Enquirer: 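Structure in C-alpha cells, see below.
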Amino acid sequence: IFLWSLGLYALQRRGLLEPRGLQPSPPPAGPFLMWKTVRGRQLIDRLARPARFWRVFGDLSIVLVVITMVGTTLLLLWEATLVQSPAVRGNPPSPDLLLGLPGINPIIPLGYGIFGLSVAIILHEFSHGILARVAHIRIRSLGLIFLIFPIGAFVEPEEEEMRVLPRRERARLFAAGPATNILLAILFAVLFSSVMMTAVTPVRDGVAIVGFPEDTPSPASLAGMQPYTVITSINGTPIHSFA
C-alpha cells in the first residue's frame with residue numbers, strides 16, 4: 001500500500017491523473033484512487049426505459065431489504081447465543097475464516113474473490129443509477145474506487161434533485177442496490193448447491209466424517225479423529241460405503 005501511494009503521489013505531481021479522470025483520495029497520495037467518467041450514462045438510460053418494471057422492482061426491493069434487515073438482526077442474536085456454547089468455545093473458528101476477504105479467507109481465492117466482489121459492486125451501483133433515472137434524476141458521473149485492486153464503485157446523482165425526491169422514490173433508489181446483491185446471492189446459491197454440485201467429484205474415495213454425537217463420545221473422536229476427515233481404509237481394507 002505504501003508503494004502504491006508513492007506511485008499515486010508521483011503520478012499526481014506529474015499531472016498524469018486528472019486528465020484521465022483519476023483522483024487520489026485523500027489527495028495528494030491516496031491510498032484510494034477514484035476514477036470518474038461519464039461513459040455508461042447512455043447505457044443506464046436505455047436500461048431504465050421500462051420505468052414501470054423498475055418501479056415495481058423498487059417496491060419489491062424495499063420489502064426484500066426490510067425482511068433481510070430483520071432476518072440479519074435475528075441471525076446475529078442467534079449467533080450471539082451460539083458462541084457461548086461449550087462446543088464453539090472449545091473449538092472456535094480461526095480469525096481468517098471469520099473474515100470474508102479474498103486471499104485471506106482460505107475458501108475465497110484471491111482472483112475469484114476480486115472478480116465476484118467487482119460483479120456485485122458494479123451491479124449494485126448500476127441498480128442505483130437505473131432507479132435514479134427512473135425518478136428523472138440526472139447522473140453526473142460513474143466510477144470505480146481502487147486500492148491496488150477495484151474495491152468499490154459509485155454512481156453520482158445530482159444531490160439537489162435527490163433532496164426534493166419524494167420519500168417513496170428515494171426509498172426505491174436506496175433499496176435497489178442491496179436488493180440486487182441479495183437476489184444475486186440467492187441465484188448463485190441455488191446454482192452452486194444444485195446444478196454445479198452434481199459435477200463435483202470427491203477428492204478421495206471413502207466415507208467422510210461429518211460430525212460426532214454430542215451426548216456420548218464416539219471411539220473415533222476419542223482416538224483424535226477430526227470432523228471432515230475422509231476414511232479411505234481400515235487395516236488395509238479400502239472403504240467405499242458407510243456399511
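Below, each value reflects all heavy atoms present in this structure, side chains not excepted, and no hydrogens, waters or symmetry copies. Source: prediction; values computed, not measured. Each residue takes its place number in the sequence, starting with 1.
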Enquirer: Enter the distance from W4:CH2 to F32:CZ here, rounded to the nearest 0.5 Å.
Expert: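 Between W4 CH2 and F32 CZ, I get 11.0 Å after rounding to 0.5 Å.
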
Enquirer: At their closest point, which heavy atom of R172 faces which heavy atom of D59, and how far apart are they?
Expert: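 So the minimum-distance heavy-atom pair works out to NE-OD1, 2.9 Å.
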
Enquirer: Set out, in order, the CA-CA distance, both residues' side-chain angles and the distance that settles side-chain contact (heavy atoms from CB on, under 4.5 Å) for I145 and L33, then state yes or no.
Expert: CA-CA 6 Å; I145 302 173; L33 179 66; over 6 Å; no

Enquirer: Please indicate whether I1 has more than 12 foreign heavy atoms, meaning atoms of other residues, nucleotides or ligands, lying under 6.0 Å from its CD1.
Expert: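 Count not over threshold, so no.
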
Enquirer: Does the plane of the ring in F57 sit parallel, tilted or perpendicular to the ring in F53? Use 30° and 60° as the thresholds.
Expert: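 Judged by the thresholds at 30° and 60°, the geometry between F57 and F53 is parallel.
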
Enquirer: In Å and rounded to the nearest 0.5 Å, what is the CD1 to CD1 distance from I209 to I231?
Expert: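 Nearest 0.5 Å value for the CD1-CD1 distance: 4.0 Å.
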
Enquirer: Any chance you could lay out the side-chain contact (heavy atoms from CB on, under 4.5 Å) test for H124 and T180, step after step, and finish with the verdict?
Expert: CA-CA 6 Å; H124 177 108; T180 300; 5.8 Å; no

Enquirer: What are the two closest heavy atoms between W35 and F154, and how far apart are they?
Expert: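 Result for this residue pair: O-CZ, 3.9 Å.
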
Enquirer: Closer than 3.5 angstrom, by distance alone: can the side chain of R14 be matched with the main-chain N or O of A10 as a donor-acceptor pair?
Expert: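 Absent.
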
Enquirer: Considering residues, nucleotides and ligands other than E79, do more than 12 of their heavy atoms fall under 6.0 Å from its CD?
Expert: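 Enclosed.
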
Enquirer: Taking atom OH as the centre, does Y9 end up with more than 12 heavy-atom neighbours from other residues, nucleotides or ligands that are less than 6.0 angstrom away?
Expert: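 Not more than 12 within 6.0 Å, no.
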
Enquirer: May I have the step-by-step check of side chain to side chain donor-acceptor pair (under 3.5 Å) for Q12 and E18, ending in yes or no?
Expert: CA-CA 8 Å; Q12 177 80 344; E18 268 126 9; 3.3 Å; yes

Enquirer: For I130 and A48, work out which heavy atoms get closest and say how close.
Expert: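 Smallest interatomic distance, heavy atoms only, reads O-CB, 3.8 Å.
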
Enquirer: State the CD-OG distance between E156 and S141, to the nearest 0.5 angstrom.
Expert: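 So the CD of E156 and the OG of S141 are separated by 4.0 Å.
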
Enquirer: When rounded to the nearest 0.5 angstrom, what distance separates CG in L77 from OG1 in T81?
Expert: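 L77 atom CG to T81 atom OG1 measures 8.5 Å (nearest 0.5 Å).
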
Enquirer: Can you name the closest pair of heavy atoms from A132 and L173 and give their distance?
Expert: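 Shortest heavy-atom contact: CA-CD1, 3.6 Å.
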
Enquirer: What's the shortest heavy-atom distance between I44 and R133, and which atoms?
Expert: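 Shortest heavy-atom separation between I44 and R133 comes out as CG2-CG, 3.6 Å.
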
Enquirer: In Å, rounded to the nearest 0.5 Å, how long is the span from CD1 of I139 to CD of Q42?
Expert: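 It comes to 12.0 Å.
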
